[in-house]
Amino acid sequence: TTEIYTLSLHDALPILKINRENLKSSHQLVWFIIDFLMLGLLIINLAFIIWDSIYNFVAVQDLLKEHAPAIQSAYHPIHERFIFYDLIFVSIFLTEFFVRWGYAIKARVYDRWYFYPFIHWYDLVGCIPVGSLRFLRILRVISIIYRLHQYKIIDVTNTKIYRFVNFYYERSEERRVGKECRSRWS
């Protein structure tokens, strides 16, 4: 049988249940709190980036000017200084990156002190405040969710988006393995 998965926005952005027992008993409680704080800031920042990208269209500005002039006049100065406001988020993200790097050096997490930026490259790439590179901050969201899942603070396997991605990943793997088997036997 063929199953077809469809996703709504609610399914794509599920509310993850936090395992408070594991959170409280963890020796990394402070880092998990920072992770949740960074996750919240990243979501706010990405929403801000998306909204500003939409607002950048003249038709949207004209529509707001006509139907919601208060919103348009309040947001337009923010739009004009978008880089400044985005750099506030970037400075917070970079500060957190350097604090974690310092901790990794102190705790000797990696063999060499300079390994951290290479292993966590996605944290740095997302902080580049240039056009489309800003959307790479989603990589940071994914890495934080993955880390919280690894430590069993949250469980992403119960979400519909996980099942959706897993379903198509398994199908693509079946096709890839099938092609390899057919090519070997040919």
Side-chain angles (χ1 to χ4, degrees), residues 5 7-54 78 81-170:
Y5 281 99
L7 287 175
S8 67
L9 184 60
H10 179 266
D11 295 331
L13 302 171
I15 303 297
L16 297 170
K17 293 181 182 168
I18 298 171
N19 186 333
R20 293 175 193 224
E21 303 276 326
N22 288 352
L23 184 61
K24 288 178 185 176
S25 66
S26 174
H27 63 283
Q28 296 189 5
L29 180 62
V30 172
W31 293 115
F32 292 142
I33 291 171
I34 291 172
D35 278 342
F36 282 115
L37 180 66
M38 288 298 116
L39 196 57
L41 285 173
L42 282 161
I43 291 169
I44 291 168
N45 184 235
L46 286 169
F48 181 47
I49 290 167
I50 291 168
W51 166 249
D52 196 72
S53 297
I54 293 169
I78 296 170
R81 299 189 65 206
F82 175 78
I83 296 285
F84 170 75
Y85 294 110
D86 190 49
L87 286 175
I88 293 170
F89 284 99
V90 168
S91 65
I92 294 168
F93 300 148
L94 285 175
T95 301
E96 186 251 351
F97 177 82
F98 286 116
V99 166
R100 284 187 187 265
W101 188 4
Y103 174 78
I105 292 169
K106 184 178 180 225
R108 299 183 186 269
V109 174
Y110 302 107
D111 290 338
R112 301 277 187 256
W113 66 271
Y114 53 84
F115 282 6
Y116 188 85
F118 292 106
I119 294 170
H120 299 273
W121 60 270
Y122 45 83
D123 288 343
L124 290 176
V125 171
C127 287
I128 299 172
V130 176
S132 59
L133 290 178
R134 288 185 184 108
F135 285 106
L136 291 176
R137 293 177 194 165
I138 194 72
L139 294 174
R140 205 140 178 240
V141 171
I142 293 167
S143 72
I144 290 172
I145 290 173
Y146 178 73
R147 183 171 44 245
L148 292 171
H149 177 76
Q150 268 187 318
Y151 285 102
K152 295 182 173 55
I153 304 301
I154 60 174
D155 183 14
V156 296
T157 59
N158 293 329
T159 61
K160 287 185 179 181
I161 192 154
Y162 175 84
R163 290 193 300 266
F164 174 79
V165 170
N166 193 44
F167 174 81
Y168 286 104
Y169 174 76
E170 287 174 355

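At least one side-chain heavy atom of V141 sits less than 4.5 Å from a side-chain heavy atom of L46. The side-chain heavy atoms of I49 and F82, taken from C-beta on, include a pair separated by under 4.5 Å. Contact annotation: the side chain of I142 never approaches that of Y122 to less than 4.5 Å [non-hydrogen atoms, C-beta and beyond]. When side chains are defined from C-beta on, I34 does not count as touching V99, because their heavy atoms never get closer than 4.5 Å.
Rounded to the nearest 0.5 Å, atoms CG (L39) and CD1 (I154) are 7.5 Å apart. Atom CD1 of residue I145 and atom CD1 of residue I153 lie 14.0 Å apart, to the nearest 0.5 angstrom. Rounded to the nearest 0.5 Å, atoms CG (L124) and CH2 (W121) are 10.5 Å apart.
A parallel orientation is assigned to the rings of Y116 and W101, their planes being inclined by less than 30° (bins at 30° and 60°).
Shown here is Y146, whose OH atom has no more than 12 heavy atoms of other residues, nucleotides or ligands within 6.0 Å. In this structure, F36 places its CZ atom where more than 12 heavy-atom neighbours from other residues, nucleotides or ligands lie under 6.0 Å away. Around CD of E21, the count of heavy atoms belonging to other residues, nucleotides or ligands within 6.0 Å does not exceed 12.
By the salt bridge (Lys or Arg N to Asp or Glu O under 4.0 Å) test, R100 is found to be paired with D35, E96, residues two or more places apart in sequence or in another chain being considered. Y162 is linked by a ring-ring contact (aromatic ring centres under 6.0 Å, His included) to nothing, counting only residues two or more places apart in sequence or in another chain. Partners of F115 by ring-ring contact (aromatic ring centres under 6.0 Å, His included), not counting sequence neighbours: none found. Under the side-chain hydrogen bond (donor to acceptor under 3.5 Å, both in side chains) criterion, N166 pairs with E170, sequence neighbours left out. The side chain to side chain contact (heavy atoms under 4.5 Å, CB included) search around A47 returns none, not counting sequence neighbours.
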Item to complete: Please step through side chain to side chain contact (heavy atoms under 4.5 Å, CB included) for the pair F32 and L148, ending with a clear verdict.
Response: CA-CA 7 Å; F32 292 142; L148 292 171; 3.5 Å; yes

Worksheet item: Step by step, would you call D52 with Y85 a side chain to side chain contact (heavy atoms under 4.5 Å, CB included)?
Response: CA-CA 11 Å; D52 196 72; Y85 294 110; over 6 Å; no

Discussion item. Apply side chain to side chain contact (heavy atoms under 4.5 Å, CB included) to residues I50 and F135 and explain how you reach the verdict.
Written reply: CA-CA 9 Å; I50 291 168; F135 285 106; 3.7 Å; yes

Fill in: side chain to side chain contact (heavy atoms under 4.5 Å, CB included) between V125 and L139, worked out
CA-CA 9 Å; V125 171; L139 294 174; 5.7 Å; no

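Using a 4.0 Å cut-off between a side-chain N of Lys or Arg and a carboxylate O of Asp or Glu, D86 and R137 qualify as a salt bridge.
Aromatic ring centres of F164 and Y168 lie closer together than 6.0 Å.
Shown are L94, I92, L87; of these, the side-chain contact (heavy atoms from CB on, under 4.5 Å) with C127 is made only by L94.
Contacts classified as salt bridge (Lys or Arg N to Asp or Glu O under 4.0 Å) and involving residues 107-126 (residues at least two apart or in different chains) are given here: D123-R140.
Of the possible donor and acceptor atoms, one in the side chain of R163 sits under 3.5 Å from a partner among the backbone N and O of N158.
Nearest heavy atoms, T157 versus H149: CG2-CE1, 3.9 Å. The heavy-atom pair separating F89 from L41 by the smallest distance is CE2-O, 3.8 Å.
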